[in-house]
Amino acid sequence: MAQFMKLLSFGILIAVFNVGLCAMELPIKYRLQRLQFFLVLQVIAVTYISKKLIWKNLFLGPAMEAGIFHVNGSAVRIWRAGLISFLTLAHFSPFVYFIPVLISSEPQWIIMFAFGCLGVYILITALLISICSIEIAIDIIHRWTGIIIRKPMMLNMRTKALLVVIISTTTALYGFHNAVNPPVYTYVEIPTHKLPHSFDRIDIVHLSDLHLGPTVGKSMLNDVVNRIIAIDPAIVVITGDLVDEPTYVLKDALSTLSNLNPKYGSYFITGNHEYYTGDVENLMSELTDLGIITLHNGNKKITNPENDADWFCLAGTDDIQADKIGYTGHGMDIDQALSGCDSEHAIVLLAHQPNAATYALKSAHDISVILSGHTHGGQFFPWHIITYVASTHFKGLYRHGEHSYVYVTQGTFYNAIPMRTFSNPELTHISLRC
């Protein structure tokens with residue numbers, strides 16, 4: 001009953017909070033909605049994961065057994081203090097988004113470490129759930145069939161704890177190395193229906209999911225910009241999730257984008273994270289000052305300067321998340337985005353989420369190529385499984401029908417947690433072919 005009353009009180013508090021949100025100015029409203037999400041998530045995580053799963057399996061259980069945790073009292077105290085510090089940093093890390101003073105042009109090591117702890121926290125949770133699931137499955141088989149199965153995962157508590165810590169930490173270190181290394185150069189040729197022959201092999205550099213913010217800074221972006229300049233593409237596109245913080249916090253880091261000067265321009269569309277900041281309009285204005293065109297449900301005809309009849313339509317849509325959260329003045333509008341494009345010319349569409357790409361392909365428009373991001377190729381376990389199930393396209397090149405293609409990049413950097421396993425950051429070089 002006491003637990004029920006606590007949950008009821010928490011639910012009433014959230015309801016009152018939402019009523020207050022309705023009366024607030026929009027930018028503040030969207031950031032507070034995100035804060036509310038993190039607070040609810042933290043309450044659930046602390047109550048059910050940290051306390052009942054991690055603390056129980058990594059401290060209480062092992063502490064009751066003889067072994068490395070009971071060599072002396074100081075060993076127990078050190079392990080307990082380390083585990084508490086780890087859990088505190090992991091739970092604190094998401095709230096960095098709401099403390100702008102902690103964000104600068106370059107990530108601070110303590111913030112990198114805190115988000116690294118969050119990554120290890122997720123890995124430990126996934127490993128413990130996997131082990132418990134295997135143990136439960138073995139028990140069920142035994143009860144139903146009477147067959148006695150040796151339980152290889154039924155380790156004593158201290159061995160299980162040690163194994164989980166070693167695997168998760170080793171995986172995190174490998175993932176960190178993979179994430180912070182320069183993006184892997186990826187060359188992709190895409191057959192493009194109705195593309196004028198004068199544009200055959202036109203080069204496009206595709207960036208997505210840079211996530212400038214707490215753990216991604218100016219130096220990483222500057223390195224990518226220098227590599228793009230060396231490629232010398234005709235077009236640069238950024239398909240969303242460029243930032244994780246309000247524009248004024250990232251102004252210095254963004255400035256390096258002004259060095260891009262492709263022949264036919266640089267283009268940007270919004271991703272879901274732009275709307276989480278509540279600062280989309282200021283970001284679009286800043287990018288305009290840096291020479292980058294925002295395709296806000298709009299398009300640009302890429303025309304051969306030597307022949308006005310040779311052109312294709314480069315279009316972009318707002319992210320579908322804007323519809324879900326009701327962001328005023330924004331939302332995916334495929335008809336508006338393709339207004340002025342026609343069925344006689346190739347259409348290259350920028351749409352942040354692969355699910356939006358699927359929606360666009362089902363429309364009445366004949367779209368030749370769609371460039372997307374968002375999935376990060378799963379980034380790290382167990383998000384590979386979740387993202388694969390939730391997305392209509394996961395990563396790489398997909399063909400639809402006879403003439404349409406969707407390319408989903410794994411992203412230029414990473415989302416907050418500096419970790420990548422079984423996925424790579426990409427610097428994608430696309431060549432459109434007739």
Side-chain angles (χ1 to χ4, degrees), residues 188-208 233-240 262-271 292-320 322-323 329-374 391-393 396-409 428-434:
V188 184
E189 290 189 353
I190 303 180
T192 307
H193 186 49
K194 294 180 287 192
L195 183 71
H197 286 283
S198 61
F199 283 114
D200 188 32
R201 294 184 179 274
I202 185 172
D203 293 316
I204 299 175
V205 166
H206 179 194
L207 305 179
S208 189
I235 299 171
V236 174
V237 299
I238 305 172
T239 56
K263 180 178 180 180
Y264 294 106
S266 300
Y267 301 87
F268 166 79
I269 61 165
T270 55
I292 297 174
I293 300 169
T294 298
L295 296 175
H296 174 31
N297 287 322
N299 62 75
K300 173 77 172 180
K301 291 182 180 178
I302 307 300
T303 305
N304 182 351
E306 298 178 0
N307 185 352
D308 291 345
D310 284 356
W311 60 272
F312 68 92
C313 188
L314 179 65
T317 68
D318 293 349
D319 185 64
I320 54 177
D323 297 299
H330 289 258
M332 182 177 180
D333 188 336
I334 190 66
D335 293 327
Q336 180 180 329
L338 299 181
S339 176
C341 304
D342 62 48
S343 59
E344 302 301 317
H345 293 82
I347 296 174
V348 177
L349 177 67
L350 312 180
H352 176 64
Q353 297 193 38
N355 291 348
T358 301
Y359 173 79
L361 288 169
K362 291 178 180 179
S363 71
H365 303 280
D366 184 11
I367 302 171
S368 305
V369 175
I370 302 178
L371 302 180
S372 294
H374 184 65
S391 303
T392 54
H393 307 80
L397 186 63
Y398 297 80
R399 181 174 179 175
H400 287 264
E402 294 184 17
H403 304 299
S404 296
Y405 288 84
V406 175
Y407 184 80
V408 182
T409 174
T428 314
H429 179 183
I430 292 172
S431 180
L432 302 183
R433 298 295 311 276
C434 291

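Here, residue 1 is the first one in the sequence, and each next residue gets the next number. Everything quoted here is computed from the prediction, not taken from an experiment.
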What are the two closest non-hydrogen atoms of [X] and [Y], and how far apart are they?
{"X": "Ala356", "Y": "Ile320", "result": "CB-CG2, 3.8 Å"}
{"X": "Gln336", "Y": "His296", "result": "NE2-O, 4.1 Å"}
{"X": "Ser339", "Y": "Asn299", "result": "O-ND2, 2.8 Å"}
{"X": "Ala315", "Y": "Ala337", "result": "CB-O, 3.6 Å"}

Applying side-chain contact (heavy atoms from CB on, under 4.5 Å) to Asp333 and Asp318, what does each step give before you reach the verdict? CA-CA 7 Å; Asp333 188 336; Asp318 293 349; over 6 Å; no
How long is the straight-line distance from [atom2] of [Y] back to [atom1] of [X], given to the nearest 0.5 Å?
{"X": "Asn355", "Y": "His393", "atom1": "CG", "atom2": "NE2", "result": "9.0 Å"}
{"X": "Asp200", "Y": "Ser431", "atom1": "CG", "atom2": "OG", "result": "7.0 Å"}
{"X": "Arg433", "Y": "Leu195", "atom1": "CZ", "atom2": "CG", "result": "10.0 Å"}
{"X": "Asp319", "Y": "Leu350", "atom1": "CG", "atom2": "CG", "result": "12.5 Å"}
{"X": "Cys341", "Y": "Lys301", "atom1": "SG", "atom2": "NZ", "result": "7.5 Å"}
{"X": "Ile204", "Y": "Ile190", "atom1": "CD1", "atom2": "CD1", "result": "8.0 Å"}

Please examine the side chains of [Y] and [X], heavy atoms only from C-beta on, and report whether any two atoms are closer than 4.5 Å.
{"X": "Ile334", "Y": "Thr317", "result": "yes"}
{"X": "Met332", "Y": "Gln353", "result": "no"}
{"X": "Tyr267", "Y": "Ile235", "result": "yes"}
{"X": "Asp366", "Y": "Ile347", "result": "no"}
{"X": "Ile430", "Y": "Val369", "result": "no"}
{"X": "His193", "Y": "Ser404", "result": "no"}
{"X": "Leu295", "Y": "Val237", "result": "no"}
{"X": "His352", "Y": "Ser208", "result": "yes"}

Quiz question: by atom type and distance under 3.5 Å, do the side chains of Thr428 and Thr409 form a donor-acceptor pair?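 Thr428 vs Thr409: donor-acceptor pair found between side chains.
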Would you please say whether a donor-acceptor pair under 3.5 Å links the side chains of Asp335 and His365?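 The answer is yes; a qualifying pair exists.
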When you measure from the side chain of [X] to the backbone of [Y], do you find a donor-acceptor pair of N or O atoms at a distance under 3.5 Å?
{"X": "Asn297", "Y": "Gly331", "value": "yes"}
{"X": "Thr392", "Y": "Pro354", "value": "yes"}
{"X": "Arg399", "Y": "Gly401", "value": "yes"}
{"X": "Asp203", "Y": "Ala234", "value": "no"}
{"X": "Asp310", "Y": "His197", "value": "no"}
{"X": "Ser372", "Y": "Ala351", "value": "yes"}

Is it true that Tyr264 and Phe312 have ring centroids separated by less than 6.0 Å?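 Distance test on ring centres: not under 6.0 Å, no.
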More than 12 non-hydrogen atoms from neighbouring residues, nucleotides or ligands closer than 6.0 Å to CG on Asn307, yes or no?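 Yes - once you tally the heavy atoms of other residues, nucleotides and ligands closer than 6.0 Å, there are more than 12.
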For Lys194, look at atom NZ and say whether over 12 heavy atoms of other residues, nucleotides or ligands are found less than 6.0 Å away.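 For Lys194, atom NZ is crowded (more than 12 foreign heavy atoms under 6.0 Å).
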If the plane angle is over 60° it's perpendicular, under 30° parallel, otherwise tilted; pick one for Tyr407 and His206.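 Aromatic pair Tyr407/His206 classed perpendicular.
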